Amino acid sequence: MTDEKLTQEQADEKLIDDAFQELLDRYLESRHRKKVEIITKAFNFARQAHKGVRRRSGEPYILHPIAVARIACCEIGLGSTSICAALLHDVVEDTDYTVEDIENLFGPKIAQIVDGLTKISGGIFGDRASAQAENFKKLLLTMNDDIRVILIKIADRLHNMRTLGSMLPSKQYKIAGETLYIYAPLANRLGLNRIKTELEDLSFKYEHPETYQEIESKLKASQNERETVFEEFTAPIREQLDKMGLPYRILARIKSPYSIWNKMQNKHITFEEIYDILAVRIIFTPRNEEEELNDCFNIYVAISKIYKPHPDRLRDWVSHPKANGYQALHVTLMSNKGQWIEVQIRSERMNDVAEQGFAAHWKYKEGGGSEDEGELSKWLKTIKEILDDPQPDALDFLDTIKLNLFASEIFVFTPKGEIKTMPQNSTALDFAFSIHTFLGSHCIGAKVNHKLVPLSHKLQSGDQVEILTSKSQKVQPSWINFATTAKAKAKITSILKREKKEFQMRGEDLLSNFFKEEGLEYNELNVQKLCALHNLKSGDELSYKIGQKSIILGEAERNIFKEKPAPTSWKKYISFAFGNNKSKQTDSVTSQADTASLNIDKKKVLKLTPDELQKHYIIADCCKPIPGDDVLGYIDDNNRIIIHKRQCPIAAQLKTSFGNRLLAVQWEIGKALNFPVNVYIKGIDGIGVLNSVTQIISQQLNVNIHKLNIESNEGIFEGRIQLFVHDVDDVNTICTNLKKLEHINKVTRIENFDDQITE
């Protein structure tokens, strides 16, 4: 037994030594200064600190920090300081060592990064919403101290996602949901495009394993066809580039499974209807640094002579880089086979930035970090401004930040011709707040390209915007409805909150004087009498209305204090209060008993049988899942289990906020129950089309049509049908059979009967 244990220990030691040696080898291949000594010291310290500890997968724990350090070095391009911090990132949280110990051994910079990572450890979301918001704020604040904290955190999350298979299904949903909600857009915003794509694909793989495999299989099956298209399309391009004499390489870029699925969901189309799965990437070495931009456009001109470019699909990210530093020229060309193919033209430097983000061109000096000024600095400044205003609601706070994380950019100009980067769908109001809070607070309208427009006007790339102001203008509550940027929303909310507080305080003073004049006490009972008179819910609301002068205290208010209370009113009040408490208590006990009777074991996958579904579970109305859909269970505040689709937007928020309440569930309904489902159809109008549709559904497939709406316009018809089916297989059969009809070119399942379908 001892020999066996020794053999296992020896095997572990060899595994650890090999992993660290590989990290060192890859580091020595990089362009960073070769500080092997401090990296080895950090590794030996972390190895000793985590000795004997194993991950859930069974491997020695130290392999995780080594893997994170390798991602930071090889995939993000960071140097020795970051590699040391990555190796030490779990030491303070998981062992008895302190940040002071790290500082004494490795210096203040590494200690500061480890401290930042410790503060945001254990995922960015806690069990309670307030903890969740606080942790997210900490995460964003550490970006201001040293951006390497968040870069290492992203590396940590990437390795956790790569090894997610050893976790429980309910944990997988939580971590995958959190990754899609925050980490993937953060990686994208920091320019880590390859990492963003992998995080999305891994999340998709664990949330929808069957669909993921299906898309992977279809990609594999169509690979040979794509390779042929790629070779034929690029042959004349290579010939032209050879003549130009620039060193270059041409790569095929294949759309990722997640982005294919996302497009299928958003556009309600099938895999076969996606035409931009293949794109072509030309990566060249410029003649010299000054000629880089010219070389980009020269390549564009050369290939545009071979294939006709799409007039509306030229994207110039070279002259105007994206907010995350991305630079490239995107052009869509018509191939000789009648297929639009996107070509991305970028230099080797631009390619480095696209792969590794800002880390590709940051130079960190010992004793302090420095970062390139530019769009990222502006974005971090915006985040800091938002953090300066307290946000009471955690989910609102996260959604506000997410507006800017996900946003694509447009470019607009000030009256003096200065260029500003704004998120897509920004309004004139957003632009005003992006310039200055004072300008935003007092704006009354705008001139866009010298034409007068309202504040809600959506801006387009290339617009020149002049903001019109008035000293008498104040922030209006309605503005929150058309502000779209995180900064504008945060400022409007903050100003309105401050104004409300001022009105409230003024109202409290007036109310206090009123009670004094009437010889009454300023207490809860008297305040509630006035609330009842004006049909208000709280004393704060009453004070606000009085301060705002929409309630003037006078005769009506005096009269209610002159009325004598009915003799039995106190009994009614007490009885009512106790009755409520009792009923709440009973409800709670019943709910807990019901849930207990389900024998919930979160380690197991719950089976959704017909009997259990009707007794204990609730189908979420927001996404209306049916048997066959990928689903999860959520235990709500009343201990009921709500069944959501895994990709439902509400479920996405639940995954990130209340991961500890999630359950893995599995349908075992068979064909026992019927569920409502909505189907959208579109095609060319003609005599007998409706008859053909109803015949297939009712007669051939024997499915009950519950609701039907068909509209025709200029020879095109759109229809919505509500049916009762047993499961997803029934829906797929219906859709497949309807697609066979000659005049129908689109059939898809929709969540709600009135959903708008965008092409």
Side-chain angles (χ1 to χ4, degrees), residues 1-30 32 34-97 101-102 105-106 110 113-114 117-118 121-123 148 151-168 171-172 175-176 179 183 194-195 198-199 201-202 205-206:
M1 189 69 179
T2 315
D3 288 347
E4 208 176 289
K5 190 178 178 185
L6 194 65
T7 311
Q8 180 60 53
E9 273 182 21
Q10 287 170 336
D12 285 348
E13 293 300 311
K14 186 177 184 316
L15 198 63
I16 294 164
D17 288 337
D18 289 350
F20 179 64
Q21 189 55 51
E22 195 176 344
L23 167 66
L24 272 189
D25 292 345
R26 295 299 299 274
Y27 168 67
L28 290 168
E29 289 167 12
S30 73
H32 289 282
K34 310 300 180 250
K35 297 189 169 183
V36 174
E37 195 180 322
I38 193 163
I39 292 174
T40 308
K41 182 181 173 185
F43 162 67
N44 287 329
F45 183 80
R47 183 185 204 166
Q48 190 55 42
H50 294 301
K51 196 169 179 64
V53 182
R54 293 186 177 274
R55 296 189 85 205
R56 192 180 182 92
S57 58
E59 66 180 20
Y61 192 86
I62 186 63
L63 290 174
H64 168 65
I66 294 171
V68 174
R70 186 175 163 171
I71 292 168
C73 171
C74 308
E75 299 183 50
I76 304 179
L78 298 173
S80 60
T81 304
S82 302
I83 292 170
C84 290
L87 287 167
L88 299 165
H89 80 273
D90 279 334
V91 166
V92 174
E93 191 197 358
D94 294 346
T95 73
D96 293 332
Y97 290 106
D101 295 331
I102 303 289
L105 286 163
F106 300 98
I110 291 172
I113 296 172
V114 172
L117 287 160
T118 305
S121 60
R148 286 175 288 189
L151 290 170
I152 296 165
K153 189 66 189 169
I154 287 170
D156 178 42
R157 175 50 57 115
L158 179 58
H159 185 246
N160 282 335
M161 287 301 297
R162 285 173 177 173
T163 55
L164 196 59
S166 58
M167 304 293 279
L168 296 171
K171 279 278 187 194
Q172 288 176 352
I175 293 167
T179 301
Y183 283 96
R194 202 199 53 70
I195 287 178
E198 188 177 349
L199 288 173
D201 279 347
L202 287 168
K205 181 182 174 181
Y206 284 104

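Basis for what follows: all heavy atoms, side chains included, without hydrogens, waters or symmetry-related copies. If you're wondering where the values come from, they're calculated on a predicted model, not measured in any experiment.
- To the nearest 0.5 Å, the span separating CZ on R56 from CG on L168 amounts to 4.5 Å.
- With a 4.5 Å cut-off on side-chain heavy atoms, V91 and V114 do not count as touching.
- With sequence neighbours excluded, the residues forming a ring pair (Phe, Tyr, Trp, His ring centres under 6.0 Å) with Y97 are F45, listed by chain and number.
- In terms of the side chain to side chain contact (heavy atoms under 4.5 Å, CB included) criterion, residue partners of D18 (sequence neighbours excluded) are, by chain and number, K14.
- Side-chain atoms of Y27 come within 3.5 Å of backbone atoms of K35 as a donor-acceptor pair (strictly under, hydrogens ignored).
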For the pair D17 and Q21, evaluate side chain to side chain donor-acceptor pair (under 3.5 Å) and give the outcome as yes or no after the intermediate values. CA-CA 6 Å; D17 288 337; Q21 189 55 51; over 6 Å; no
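- Using modelled atom types, no side-chain atom of K34 and backbone atom of E29 make a donor-acceptor pair closer than 3.5 Å.
- Y183 OH to L199 CG: the interatomic distance, rounded to the nearest 0.5 Å, is 10.0 Å.
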Where do R157 and E198 land on the salt bridge (Lys or Arg N to Asp or Glu O under 4.0 Å) test, with the steps shown first? CA-CA 11 Å; R157 175 50 57 115; E198 188 177 349; over 6 Å; no
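- Under the 4.5 Å side-chain criterion, counting only non-hydrogen atoms from C-beta, F20 is not in contact with I62.
- Among residues two or more places apart in sequence or in another chain, the side chain to side chain contact (heavy atoms under 4.5 Å, CB included) test is passed with A69 by L23, I83, A86, L87.
- Looking at D12 and K51, no side-chain N of the basic residue comes within less than 4.0 Å of a carboxylate O on the acidic one, giving no salt bridge.
- I102 CD1 to L88 CG: the interatomic distance, rounded to the nearest 0.5 Å, is 5.0 Å.
- For the pair Y206 (side chain) and G165 (backbone), a donor-acceptor distance under 3.5 Å is present.
- Judged purely by atom type and a 3.5 angstrom limit, S82 has no side-chain atom pairing as donor or acceptor with the backbone of L78.
- At a threshold of 4.5 Å between non-hydrogen side-chain atoms, the residues S166 and R55 do not count as touching.
- Side-chain atoms of E59 do not come within 3.5 Å of backbone N or O of R54 as any donor-acceptor pair.
- Q48 and N44 share no donor-acceptor pair across their side chains, judged by distance under 3.5 Å alone.
- In this structure, the separation between CE on M161 and CG on L158 is 8.5 Å, given to the nearest 0.5 Å.
- With rounding to the nearest 0.5 Å, the separation of CD1 in I175 from CE in M167 is 4.0 Å.
- C84 SG to L105 CG: the interatomic distance, rounded to the nearest 0.5 Å, is 11.5 Å.
- Among pairs with a residue in residues 63-74, those fulfilling salt bridge (charged side-chain N to carboxylate O under 4.0 Å, His left out) read E22-R70, at least two apart in sequence or across chains.
- Legend: residues meeting side-chain hydrogen bond (donor to acceptor under 3.5 Å, both in side chains) with D96, ordered by chain and number and at least two apart, are absent.
- Residues L202 and L164 are not in side-chain contact: their nearest non-hydrogen atoms beyond the backbone lie 4.5 Å or more apart.
- Not counting sequence neighbours, the partners of H64 by the ring pair (Phe, Tyr, Trp, His ring centres under 6.0 Å) test are Y61, H89, H159.
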Using the rule given for salt bridge (Lys or Arg N to Asp or Glu O under 4.0 Å), can you reason through R47 versus E13, listing the C-alpha separation, both sets of side-chain angles and the distance that settles it, and then say yes or no? CA-CA 10 Å; R47 183 185 204 166; E13 293 300 311; 2.7 Å; yes
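- Nearest heavy atom pair, residue I16 against residue P60, reads CD1-CB, 4.0 Å.
- Residues V53 and D94 have side chains not in contact (no heavy-atom distance under 4.5 Å, counting atoms from C-beta outward).
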